[in-house]
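Worksheet for the structure shown next.
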Amino acid sequence: MGSVEKETDEPLTPAGRLFLRPEMNQVIHCAIGLKNPIDPVSIKTEVLNSLMLKHPRFSSLMIRDSNGREHWRRTHINLDDHVIILHNPIKEGDLLDDKDHESAVNHFLADMSTSSGLSYDKPLWEIHLLLAHNCLVFRVHHALGDGVSLMSMFLACCRRIDGEEALPRIPSFENKKSNISSSGCDGSWWKLYSYYLSVLWGFVKMGLFSLLFVVEFVLRALWVRDRETVISGGEGVELWPRKLATARFSIQDMKVVKKAVPNATINDVLFGVISSGLSRYLDHRGSNALQQGLRLTGVAMVNLRGQAGLQDLSTLMKDNSVSPWGNKFGMILLPVYYHTSGADPDPLQYVKRAKVTIDRKKHSVESHFSYKIGYLVMTYLGSMVAGLLNYRIVCNTSFTISNVVGPQEEIAVGDNPVTYMRVNSSSLPHALTMHMLSYVGRADMQILVAKDIIPDPEFLAKCFEEALLEMKEAAAASNKS
């Protein structure tokens, strides 16, 4: 560790403190495949010259004061403490094709997910270079930031392959706002009346759905839990050994399905795929006793920034930004429902049900409530109580799901093109966690499981892939009819 600078220590945010709790200690793992053999010297040079080392979170120690409160303290970086080089293959045997490399990298990431985490005697990040697999694994503690913050930082450290000095473009998302046009004012009284009536009904729906979902959220933190199935986790499961598999999706296939369901989004399609895939898997595991429509509750994360999607790094770092750096997300409970094979002749029904559920969530303040209540509990009751409440919510639900939008164009680390990007995190009491990240027209979902509960994550990944393909065929057939 380098010498410590004499600067004013900065206290951690409540969300950052929560991720340092032993029961919620979360490290994000981002695996980045590279086209050409990795040159460690080149990677170190890129890191030294990157914006990352200029960012205060990546150049600060996490320390605790005499009262046990966590703070960031600036320090000098010794890069050799952070860049870890692995020369040999992760697993014994021949590396014949991409499948062998993928299996080896996933084995490494699964082991990392239950490891002791990151050392507090240096800033909370590491880069592992898996030379035999042309893969770079970036490990960063969740206390430093959420997926949006960290992906925006990564993109600022890369360049597009179509221009030597060009930074990757940030995908733009328009925030749709309801408004009444000037022509509406010049139209009939009935149009104006209808508009204000719809606004009023929107507020009523928001109030009703918010009340319903907030009460459920509180009950989940106390005692209400999902019925036990073959994918259920629970207290202590975060310590069980893990396996990791990858499900691959085409963004174009998801867009085809999205167009077949009016006003649907990619997230609607994703949760429809999750619902269908889990139903397939439960059938495979012989769940004949399960009731049709059985609810399996997932925990999903929602970006609460003023601007949707990825952010420009300069925007994240501005004072009083509407899109600040850090952990700015809320938690929602997102149910999917079990249906036996053949119960739904139309695969698109899974997407339609998912859309209804997600639309109701959008009309509520559940995500803002979870963020605010977490902030208040951390502030006034301390991290122990907040950590316990979050832990109980995870124990009482069935899975975790997240979806981060990645680069839409090919990028390079230095002059080495990136072939894939995948992300997962440390293990949780859930026996099943799923993290999807898109890159250049495809989306890879990392499926991390407790292998003593779900021994065949590769088959589960296949269930998800086949669910999307079946929906795509149904969407194509509906377009022809």
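All residue numbers in this chain count up from 1 along the given sequence. Just so it is clear, the structure is predicted and the values come from calculations on it, not from any experiment.
For Arg17, the side chain to side chain donor-acceptor pair (under 3.5 Å) criterion is met by Glu70, not counting sequence neighbours. For His71, the side-chain contact (heavy atoms from CB on, under 4.5 Å) criterion is met by Asp9, Pro11, Ile63, Asp65, Arg69, not counting sequence neighbours. Taking Leu34 as the reference, Ile32, Ile38, Val413, Asn416, Val418 meet the side-chain contact (heavy atoms from CB on, under 4.5 Å) condition, with sequence neighbours excluded. Among residues two or more places apart in sequence or in another chain, the ring pair (Phe, Tyr, Trp, His ring centres under 6.0 Å) test is passed with Phe108 by His128. When the side chain to side chain donor-acceptor pair (under 3.5 Å) test is applied to Ser427, no partner is found at least two apart in sequence or on another chain. Residues meeting the side-chain contact (heavy atoms from CB on, under 4.5 Å) test with Thr13, sequence neighbours left out: Ala15. When the side chain to side chain donor-acceptor pair (under 3.5 Å) test is applied to His29, the partners found at least two apart in sequence or on another chain are Arg139. Applying the side chain to side chain donor-acceptor pair (under 3.5 Å) test to Ser367 and every residue at least two apart in sequence or in another chain returns nothing. Annotation: side-chain contact (heavy atoms from CB on, under 4.5 Å) contacts of Glu23 (sequence neighbours excluded): Arg21, Tyr391.
Residues His430 and Ser398 have side chains that never bring a donor and an acceptor to within less than 3.5 angstrom of each other. Defined by atom type and a distance below 3.5 Å, a donor-acceptor pair is missing between the side-chain atoms of Asn25 and His142. No side-chain donor-acceptor contact under 3.5 Å links Asn134 and His101. Arg74 and Ser59 share a side-chain donor-acceptor pair at under 3.5 Å. A side-chain N or O of Thr265 and one of Asp268 form a donor-acceptor pair less than 3.5 Å apart. For the residue pair Arg295 / Thr297, a side-chain donor-acceptor distance below 3.5 Å is found, with atom types taken as modelled.
In this structure, the side chains of Ile411 and Met421 come closer than 4.5 Å at one or more pairs of heavy atoms. Residues Val105 and Arg422 have side chains not in contact (no heavy-atom distance under 4.5 Å, counting atoms from C-beta outward). By the 4.5 Å heavy-atom criterion applied to side chains, Pro123 and Leu61 are counted as neighbours. In this structure, Phe329 and Asn327 have side chains that are in contact, with non-hydrogen atoms separated by less than 4.5 Å. Looking only at side-chain heavy atoms (C-beta outward), Met445 and Leu270 come within less than 4.5 Å of each other.
Here the straight-line distance linking atom CD1 of Ile251 with atom CD1 of Ile266 works out to 6.0 Å at 0.5 Å rounding. Put simply, CE on Met378 and CG on Leu389 are 11.0 Å apart, with the number rounded to the nearest 0.5 Å. Note: Met254 CE to Asn267 CG = 8.0 Å, rounded to the nearest 0.5 Å. We find the CG-CE distance between Asn403 and Met436 to be 3.5 Å, quoted to the nearest 0.5 Å. For the atom pair SG (Cys158) and CE (Met153), the distance works out to 11.5 Å, reported to the nearest 0.5 Å. Here CG of Leu150 is found 11.5 Å from CZ of Phe154. Values are rounded to the nearest 0.5 Å.
Nearest approach of Thr357 to Pro335, heavy atoms of both residues: CG2-CD, 3.7 Å. Across all non-hydrogen atoms, the minimal contact from Leu333 to Glu366 is N-OE2, 3.0 Å. Considering all non-hydrogen atoms of both residues, Ala474 and Leu348 come closest at CB-CG, 4.1 Å. Looking at every heavy atom in both residues, Ala143 comes nearest to Gly16 through CB-O, 3.6 Å. The two residues Leu109 and Ala31 have their closest heavy-atom pair at CD1-CB, 3.9 Å. Scanning both residues, Pro40 and Ile85, for their nearest heavy atoms gives CB-CD1, 3.6 Å.
Ring centroids of His82 and Trp125 are separated by less than 6.0 Å, placing the two rings close together. Ring centers of Phe58 and His55: under 6.0 Å apart, within the cut-off.
Listed by first and then second residue, the salt bridge (Lys or Arg N to Asp or Glu O under 4.0 Å) pairs involving residues 141-150 are Asp146-Arg305 (not counting sequence neighbours). For residues 50-59, the salt bridge (Lys or Arg N to Asp or Glu O under 4.0 Å) pairs, not counting sequence neighbours, are Glu10-Arg57.
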Discussion item. Run Val299 and Leu334 through side chain to side chain contact (heavy atoms under 4.5 Å, CB included) and show every step you take.
Written reply: CA-CA 6 Å; Val299 175; Leu334 197 62; over 6 Å; no

Fill in: Criterion side chain to side chain contact (heavy atoms under 4.5 Å, CB included) on Leu244 and His107, from CA distance to verdict
CA-CA 7 Å; Leu244 184 65; His107 180 80; over 6 Å; no

Item to complete: Please test Asp415 against Lys35 for salt bridge (charged side-chain N to carboxylate O under 4.0 Å, His left out), starting from the C-alpha separation and ending with a verdict.
Response: CA-CA 10 Å; Asp415 58 357; Lys35 181 178 180 179; over 6 Å; no

Item to complete: Before giving the answer on side chain to side chain contact (heavy atoms under 4.5 Å, CB included), spell out for Val83 and Leu129 the whole-Å C-alpha distance, their side-chain angles and the decisive distance to 0.1 Å.
Response: CA-CA 7 Å; Val83 179; Leu129 305 181; 3.9 Å; yes

Worksheet item: So Val269 and Phe249, side chain to side chain contact (heavy atoms under 4.5 Å, CB included) or not? Walk me through it.
Response: CA-CA 11 Å; Val269 176; Phe249 305 114; over 6 Å; no

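Note on Asp226 versus Arg220: salt bridge recorded, some NZ/NE/NH1/NH2 to OD/OE distance being below 4.0 Å. With salt bridges taken as basic N to acidic carboxylate O contacts below 4.0 Å, one links Asp253 and Lys472.
Side chain of Ser276 to main chain of Val273: no donor-acceptor pair is present (N/O by atom type, distance under 3.5 Å, no hydrogens or angles). No donor-acceptor pair under 3.5 Å is formed between the side chain of His141 and the backbone N or O of Ile28.
Around atom NZ of Lys255, no more than 12 heavy atoms belonging to other residues, nucleotides or ligands sit under 6.0 Å away. Tyr337 OH: more than 12 foreign heavy atoms inside a 6.0 Å radius.
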Could you go through residues 449-466 and list every donor-acceptor pair under 3.5 Å that involves a side-chain atom there, pairing it with any protein atom two or more places apart or in another chain?
| unit_1 | atom_1 | unit_2 | atom_2 | d |
| --- | --- | --- | --- | --- |
| Asp456 | OD1 | Tyr281 | OH | 2.5 |
| Asp456 | OD2 | His284 | NE2 | 3.4 |
| Glu465 | OE2 | Arg248 | N | 2.9 |

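For the side-chain contact (heavy atoms from CB on, under 4.5 Å) with Ile447, the lone residue among Asn424, Thr433, Leu432 that qualifies is Leu432.
Geometrically, Arg442 does not engage Tyr439 in a cation-pi contact, judged by NZ or CZ lying under 6.0 Å from the ring centre and within 45° of the ring axis.
Ring orientation note: the planes of Tyr350 and His339 are nearly perpendicular, at an angle over 60° on the 30°/60° scale.
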